[in-house]
Number of protein chains: 2
Amino acid sequence: MLRLTKKADYGLMALKYLAEQSPAPVPASAKDIADAYHIPPQLLAKILQTLAKAGLLVSHAGTNGGYALARSAAEISAFEVIRAIDGPLFITSCITIHGTCDLAGHCTIKEPLRKVNDSIKDLLSAIRIADLAEAPDTEHYAASVGGGLISIAV
Amino acid sequence: MLRLTKKADYGLMALKYLAEQSPAPVPASAKDIADAYHIPPQLLAKILQTLAKAGLLVSHAGTNGGYALARSAAEISAFEVIRAIDGPLFITSCITIHGTCDLAGHCTIKEPLRKVNDSIKDLLSAIRIADLAEAPDTEHYAASVGGGLISIAV
DNA sequence: ACTATCTAAGACCGTTTCGGTCGGAATTCC
DNA sequence: GGAATTCCGACCGAAACGGTCTTAGATAGT
Ligand code: FES
Ligand code: FES
């Protein structure tokens with residue numbers, strides 16, 4: 001129902017990789033990260049370029065070049081990564097950049113869903129990539145963050 | 001980033017329509033609902049069929065036939081509708097029905113994202129069809145439900 | 001029994017998105 | 001200068017999405 005693209009998935013993995021070995025004396029090349037997770041190197045390269053263009057990574061060309069985090073791992077949220085890669089898409093198919101929808105007027109569903117969208121955005125924004133990196137023990141981590149600790153005030 | 005398909009959107013609209021005029025003396029035909037929102041009748045018909053098969057609607061064939069809610073509008077959540085239409089997709093591209101992912105092992109990103117997925121599911125589950133129907137004044141409704149009232153305990 | 005109306009079911013198709021590849025140009029270090 | 005590596009855009013196949021069409025089957029009214 002709600003799908004995160006594989007590219008965004010790869011992007012998060014790459015960010016986590018960089019966060020784990022920082023401060024890095026030498027930036028990590030796209031190939032290094034791709035090898036570590038067994039994902040297509042060329043695809044990962046393009047994702048990293050996108051991330052760099054979005055200001056989340058700093059790139060360094062040339063021999064021994066590579067990518068490094070632009071900010072501290074604690075200051076980068078999962079939401080930023082996803083938006084940088086997948087674009088500013090929204091939960092409802094109608095809320096596009098052109099604020100008008102072809103169904104506007106005879107559709108009262110839009111407004112409530114937009115609020116859901118915002119809530120999800122808040123949720124994603126609260127997750128920083130430092131949270132991912134500092135969780136080698138997935139079971140224990142799941143217990144600390146998961147567990148339906150979310151509450152909605154109606 | 002997180003997209004709700006247009007089909008699910010239509011499905012929610014149809015559910016809302018049915019909730020508004022209940023208890024209905026006569027079930028609403030697919031064409032009635034399609035006309036009300038100016039959406040393709042045949043497409044809406046197929047969506048309603050899916051919803052009926054999922055047990056959210058009851059269908060009645062024949063003259064003056066149509067669809068009606070299977071339960072009270074307050075007992076149907078948006079989550080059920082979305083899952084019925086878009087299928088049991090998950091936020092991460094890897095959490096498929098076959099629990100194993102090709103990247104399993106070298107990917108610590110999975111578990112945290114699964115928790116986010118669950119949180120979104122909870123959020124959607126808390127929204128009932130009745131909430132949509134009883135909100136003719138969208139502005140006022142938005143204030144009562146939206147507004148970042150979501151809180152995450154970390 | 002007949003017929004009009006409506007759902008049920010599925011094949012089908014055009015367009016877009018997604019995942020992934022390729023090739024070439026520019027940059028930096030040795 | 002040469003090797004490594006980022007940068008950029010074009011490209012492609014497969015899948016999903018949105019939508020249409022056709023046929024069959026159920027029901028109510030006459
Ligand atoms: S689908 Fe665009 S306003 Fe509801
Ligand atoms: S993408 Fe499948 S386990 Fe992370």
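Below, read A as the first sequence line, B as the second, and so on, with proteins coming before strands; counting in each chain starts at 1.
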Visitor: For dT16(C) and R3(B) - does any side-chain N or O of the residue sit under 4.0 Å from the phosphate oxygens OP1/OP2?
Guide: no
Visitor: So, is T63(A) near the phosphate of dT27(C), with a side-chain N or O under 4.0 Å from OP1 or OP2?
Guide: no
Visitor: Pick the closest DNA chain D nucleotide for P40(B) and for D86(B) by heavy atoms, then say which residue is nearer the 5' end.
Guide: D86(B)
Visitor: Could you tell me whether D118(B) and K121(B) make a salt bridge, using a distance below 4.0 angstrom between a side-chain N and a carboxylate O?
Guide: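 Salt bridge: no.
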Visitor: Assess the side chains of K16(A) and Y37(A): does a donor N or O sit below 3.5 Å from an acceptor N or O?
Guide: yes
Visitor: A30(A) has a side chain; which of dT6(D), dA4(C), dG20(C) sits nearest to it?
Guide: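 Per side-chain heavy atoms of A30(A), the pick is dT6(D).
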Visitor: Who pairs with S77(B) by side-chain contact (heavy atoms from CB on, under 4.5 Å), at least two apart in sequence or on another chain?
Guide: F79(B), E80(B)
Visitor: Would you kindly give the OH-to-P distance between Y10(B) and dG18(D), to the nearest whole Å?
Guide: 8 Å
Visitor: Both S29(B) and N64(A) contact DNA chain C. Which one's nearest nucleotide lies toward the 5' end?
Guide: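 Its nearest nucleotide lies further toward 5', so the answer is S29(B).
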Visitor: Whole angstroms only, please: what is the CD1-P distance between I85(A) and dC18(C)?
Guide: 12 Å
Visitor: Considering only dG19(D), dC22(C), dC21(D), which nucleotide approaches the side chain of L43(B) most closely?
Guide: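 Of the options given, the side chain of L43(B) lies nearest dG19(D).
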Visitor: What residues from residues 44-57 of chain A pass a heavy-atom cutoff of under 4.0 Å to DNA chain C?
Guide: K46(A)
Visitor: What integer distance in Å separates L18(B):CG from dT7(C):P?
Guide: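 Going from L18(B) (CG) to dT7(C) (P), I get 11 Å.
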Visitor: Return the value, rounded to whole Å, for the distance between atom NZ of K7(A) and atom P of dG20(C).
Guide: 9 Å
Visitor: To the nearest Å, how far apart are Q42(A) CD and dG20(C) P?
Guide: 12 Å
Visitor: Of the candidate nucleotides dC17(D), dT7(C), dA3(D), which contains the atom at the shortest distance from the side chain of T5(B)?
Guide: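 It is dC17(D).
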Visitor: Is it true that D9(B) and K6(B) make a salt bridge, defined as a side-chain N closer than 4.0 Å to a carboxylate O?
Guide: no
Visitor: Check the phosphate of dT5(D) against Y67(A), side-chain N and O only, distance under 4.0 Å to OP1 or OP2. Yes or no?
Guide: no
Visitor: Which value, rounded to the nearest 0.5 Å, describes the distance between L124(B) atom CG and I82(B) atom CD1?
Guide: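 It is 4.0 Å, given to the nearest 0.5 Å.
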Visitor: Using the side chain to side chain contact (heavy atoms under 4.5 Å, CB included) definition, which of the options L15(A), L18(A), L56(A) pairs with I129(A)?
Guide: L15(A)
Visitor: Mind checking what makes salt bridge (Lys or Arg N to Asp or Glu O under 4.0 Å) contact with K53(B), not counting sequence neighbours?
Guide: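 Applying salt bridge (Lys or Arg N to Asp or Glu O under 4.0 Å) to K53(B) gives none.
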Visitor: Would you indicate, yes or no, if dA28(D) has its OP1 or OP2 atom less than 4.0 angstrom from a side-chain nitrogen or oxygen of H60(B)?
Guide: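 Yes, within the criterion.
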